[in-house]
Amino acid sequence: LIQNFLLLDTMNANANATTHAFEAVVAYLTGEFAYANELQAFWMAMQGAMAVRNGPNAGKKLHWFHAFVLSVLTGYAGALFAPLGMGRTTSMLRKDLNFAGCIFAYLIVSCLPFDAGFNLCNTLPVKIVTTAFAQLFRANGVIKFSDMAYEAFKDSPSAYYPTPVFGPIV
């Protein structure tokens, strides 16, 4: 009897662990978790700063402002210009969060002594985290652009399909 009780308790614990893991994955994929916007903004900016530091600014040859502007444009070019093309304001102008992420990411990658931030961000675990949150930012951006296109064209839908899908993505 005690063995059966322990077996049932173990099965319930495994089921709870599986449920919690599934809930965590769903929360990540939907961007519905604590500090989701902050993490996405920071890691998207970090990806832009690392791309510039590994590319045009590899030897720290660029002026700091030139490197910073390239980092912002590399990280947020789609988020900067796509809403403007649809006649909406961009989140870079509406919120300070993305721009603050750009500043912090640039400082970590380019300004810490002994290239500590740059070397740390070139490690595999940090690259995995950077990619995970940057791709989450992009996926949520596609959803937001599709919603904006739907709102813009809902009064004159296509004869084939009422919601624009490919235009907002392209």
Residue pairs passing the salt bridge (charged side-chain N to carboxylate O under 4.0 Å, His left out) test where at least one lies in residues 23-52, sequence neighbours excluded: none
Where at least one partner belongs to residues 126-139, residue pairs that pass salt bridge (charged side-chain N to carboxylate O under 4.0 Å, His left out), sequence neighbours excluded: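 Counting only pairs at least two positions apart or across chains, no salt bridge (charged side-chain N to carboxylate O under 4.0 Å, His left out) contact touches residues 126-139.
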Atom of [X], atom of [Y] and distance for their closest heavy-atom approach:
X	Y	answer
A36	G31	CB-O, 3.3 Å
N54	A58	O-CB, 4.2 Å
A51	P56	O-CD, 4.0 Å

Given the rule that I, L, V, M, F, W and Y join up when any side-chain heavy atoms are under 4.5 Å apart, are [X] and [Y] in one cluster?
X	Y	result
F42	I128	no
V126	M44	no
L39	M46	yes

Show me the donor-acceptor pairs within less than 3.5 Å that the side chains of residues 74-87 make with the rest of the protein, sequence neighbours left out.
residue : atom : partner : partner atom : Å
T74     : OG1  : L70     : O            : 2.6
Y76     : OH   : A41     : O            : 2.6

Contacts of N140 that satisfy side chain to side chain donor-acceptor pair (under 3.5 Å) - sequence neighbours left out: Q40
Can you list, pair by pair, the side-chain donor-acceptor contacts under 3.5 Å of residues 104-122, counting residues two or more places apart and other chains?
residue : atom : partner : partner atom : Å
Y106    : OH   : W64     : O            : 3.2
D115    : OD1  : R53     : NH1          : 3.4
D115    : OD1  : R53     : NH2          : 3.2
D115    : OD1  : K60     : NZ           : 3.2
D115    : OD2  : R53     : NH2          : 3.1
N119    : ND2  : D115    : O            : 3.1

Separation between CZ of F137 and CG of N37, rounded to the nearest 0.5 Å: 9.5 Å
Non-hydrogen side-chain atoms of I103 and F68 separated by less than 4.5 Å: yes
Note, W43 side chain near L136 side chain (heavy atom, < 4.5 Å): no
Parallel, tilted or perpendicular, as decided by the 30° and 60° cut-offs, for the rings of F133 and Y28: perpendicular
Donor-acceptor under 3.5 Å (N57 side chain, K61 main chain): yes
Residues forming a side chain to side chain contact (heavy atoms under 4.5 Å, CB included) with F65, sequence neighbours excluded: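 Applying side chain to side chain contact (heavy atoms under 4.5 Å, CB included) to F65 gives H63, V69.
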